[in-house]
Protein chains: 2
Amino acid sequence: MGIVRKTKAVKILLDLFDNGFSAISAVDLVERLKDEMNKTTVYRALDRLEDDGIVHSFVGKSGLKWYAKCKSSCTADHHNDVHPHFECKKCKKVMCLPVEVTIPNIPNHTIDNTAVFITGICDNCND
Amino acid sequence: MGIVRKTKAVKILLDLFDNGFSAISAVDLVERLKDEMNKTTVYRALDRLEDDGIVHSFVGKSGLKWYAKCKSSCTADHHNDVHPHFECKKCKKVMCLPVEVTIPNIPNHTIDNTAVFITGICDNCND
DNA sequence: TGTATTAACGCAACTAAAATGCATTAAATT
DNA sequence: AATTTAATGCATTTTAGTTGCGTTAATACA
């Protein structure tokens, strides 16, 4: 369960997440890191980082898996900080939105997890 | 563009959607209809049905593509009736929720589309 | 109602994301 | 420094979905 060893791969990944990616897809990471580590390593390291609540994942509109660093202290089974993810159809960037989305109460349903995925045009492209 | 001919495949699909599926994944449809039509046919017919605003699609938590029949009159480019989709982790069923979800205003962002995917336990399994 | 047109189909092959098995390597622990 | 085993690399596999192409069948029209 979770990260046990601070390997080179894990350090590189954490460094990438710290240096400004709001969110990045697994595919992008594999491509970007192809000279530094095997794609299997990327997938497995991301899995462990997610297990430890260091990053969270979500699927984009196309079904691709995206990763972003957690803000608050999330754990394996408890992800606080549930925020929408936004994909700009112009610059293709995906980012976490620091906004609260409230889901109306649904009778007799137990809500476990809510994922909100928004597409549109981001502030940067909206000038 | 869209459905032009009422083929056997299209009729079978529409019949399935009418007879009680709240939502069904493409994979499930391919499996369920494997004796009646080719998987390529399933994918292509679903594409056309979606183009015509007869069904809508969304990606589940695992990245699989799901389809459900549209309630209101949706067209190719305009899907009214944007509702959350709910996956029960017990019975694995996915359904459309007849609820409004309001996304808070996000400064300088143009919102194009919003997908809300909720996981939890449905009313049927919650007894 | 028969014939022509072409959308839709079936099949095989392909693509891309992600997972798996296994031998090897390198963190951590002593 | 030696030991332990988590983590890695590489090859292979799995799975969802797509594409090309020859054939079939739904529609239109004579």
Side-chain angles (χ1 to χ4, degrees), chain A residues 1-17 23-68 76 85 87 92 94 115 117, chain B residues 1-17 23-68 76 85 87 92 94 115 117:
Chain A
M1 41 260 334
I3 294 289
V4 183
R5 298 187 181 179
K6 272 214 173 145
T7 61
K8 202 179 121 197
V10 167
K11 281 180 200 153
I12 291 171
L13 278 171
L14 286 180
D15 197 55
L16 263 181
F17 279 113
I24 185 166
S25 70
V27 172
D28 280 355
L29 276 172
V30 166
E31 170 62 24
R32 176 181 292 261
L33 297 172
K34 68 168 175 235
D35 293 332
E36 297 171 79
M37 69 187 82
N38 192 270
K39 71 171 173 173
T40 312
T41 304
V42 175
Y43 282 111
R44 289 198 273 226
L46 287 172
D47 268 357
R48 271 176 283 134
L49 286 168
E50 185 169 29
D51 273 357
D52 271 17
I54 295 165
V55 302
H56 59 278
S57 74
F58 52 95
V59 275
K61 236 199 159 187
S62 65
L64 281 202
K65 207 164 186 188
W66 288 75
Y67 287 87
H85 295 107
E87 176 170 3
K92 306 291 176 196
V94 175
F117 198 84
Chain B
M1 310 115 191
I3 294 289
V4 183
R5 297 185 182 180
K6 272 214 172 144
T7 61
K8 203 180 122 198
V10 168
K11 281 179 199 154
I12 291 173
L13 277 170
L14 287 179
D15 196 56
L16 263 181
F17 279 114
I24 186 165
S25 70
V27 171
D28 279 355
L29 277 172
V30 168
E31 169 62 22
R32 177 182 293 261
L33 298 173
K34 66 166 177 241
D35 293 332
E36 296 171 79
M37 68 187 82
N38 191 271
K39 72 169 176 175
T40 313
T41 305
V42 176
Y43 281 110
R44 287 198 274 224
L46 287 171
D47 268 357
R48 271 175 284 134
L49 286 168
E50 185 168 29
D51 274 356
D52 271 18
I54 295 165
V55 301
H56 60 277
S57 73
F58 53 95
V59 274
K61 233 200 158 185
S62 65
L64 282 202
K65 207 165 186 186
W66 288 75
Y67 287 87
H85 295 106
E87 175 171 3
K92 306 291 177 197
V94 174
F117 198 85

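Here is how names work: the chains are called A, B, and so on, in the same order as the sequence lines, proteins then strands, and each is numbered from 1.
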Practice item. Write down the distance between CD (B:E31) and C1' (D:dG17), rounded to a whole number of angstrom. Key: 16 Å
Point to revise | Gap between atoms CG and P, on B:L46 and D:dA16 respectively (whole Å) | key: 15 Å
Revision key, fill the gap. Between CG of A:L64 and P of D:dG17 the distance, given in whole Å, is 12 Å
Review point. So do the side chains of B:I24 and B:F17 get within less than 4.5 Å of each other, counting heavy atoms only?
Key: yes
Check your understanding: Could you give the CG-to-C1' distance, from A:L33 to D:dT8, as a whole number of Å?
Key -> 14 Å
Exercise for review: Sequence neighbours left out, what passes side chain to side chain contact (heavy atoms under 4.5 Å, CB included) with B:L14? Give chain and number order.
Suggested key: B:V10, B:L49, B:I54
Practice item. First locate atom CG of B:L33, then atom CG of B:D28, and finally report the distance between them rounded to the nearest 0.5 Å. Key: 10.0 Å
Review point. Just how far, in rounded Å, is P of D:dA16 from CG of B:D47?
Key: 17 Å
Review point. Quick one: side chain to side chain donor-acceptor pair (under 3.5 Å) partners of B:D47, sequence neighbours excluded?
Key: none
Exercise for review: Quickly work out the A:Y67 OH to C:dA18 P distance and round it to whole Å.
Suggested key: 8 Å
Point to revise | Sidechain-backbone polar pair: B:E50 side chain, B:S57 backbone, donor-acceptor under 3.5 Å | key: yes
Point to revise | salt bridge (Lys or Arg N to Asp or Glu O under 4.0 Å) involving A:E31 - partner list, sequence neighbours excluded | key: A:K34
Practice item. Could you pull out all residues at least two apart from B:A9 that satisfy side chain to side chain contact (heavy atoms under 4.5 Å, CB included)? Key: B:T7, B:M37, B:T41
Check your understanding: CG of B:L29 versus P of D:dG17: gap in Å, rounded?
Key -> 11 Å
Check your understanding: Is any side-chain heavy atom of B:L29 closer than 4.5 Å to a side-chain heavy atom of B:L16?
Key -> yes
Exercise for review: Write down the distance between CE (A:M37) and C1' (C:dT25), rounded to a whole number of angstrom.
Suggested key: 15 Å
Revision key, fill the gap. When the rotation axes relating C1' atoms of four end pairs to the next four are compared across the helix from C:dT1-D:dA30 to C:dT30-D:dA1, five pairs an end, they differ to 10° by 40°
Review point. For B:A26, what residues pass the side chain to side chain contact (heavy atoms under 4.5 Å, CB included) criterion, not counting sequence neighbours?
Key: B:Y43, B:L46, B:Y67
Protein-nucleotides 27-29 of chain C N/O pairs closer than 3.5 Å?
{"unit_1": "C:dA27", "atom_1": "N3", "unit_2": "A:R5", "atom_2": "NH1", "d": "3.2"}
{"unit_1": "C:dA28", "atom_1": "OP1", "unit_2": "A:K6", "atom_2": "N", "d": "2.7"}

Exercise for review: For DNA chain D, find the residues of residues 38-45 of chain B with a heavy-atom distance under 4.0 Å and give them by number; none if there aren't any.
Suggested key: B:K39, B:T40, B:Y43, B:R44
Practice item. Drop me the distance from B:S25's OG to B:K92's NZ, to the nearest 0.5 angstrom. Key: 12.5 Å
**Study point:** Separation of A:R32 CZ from A:L13 CG (nearest 0.5 Å)
**Key:** 11.5 Å
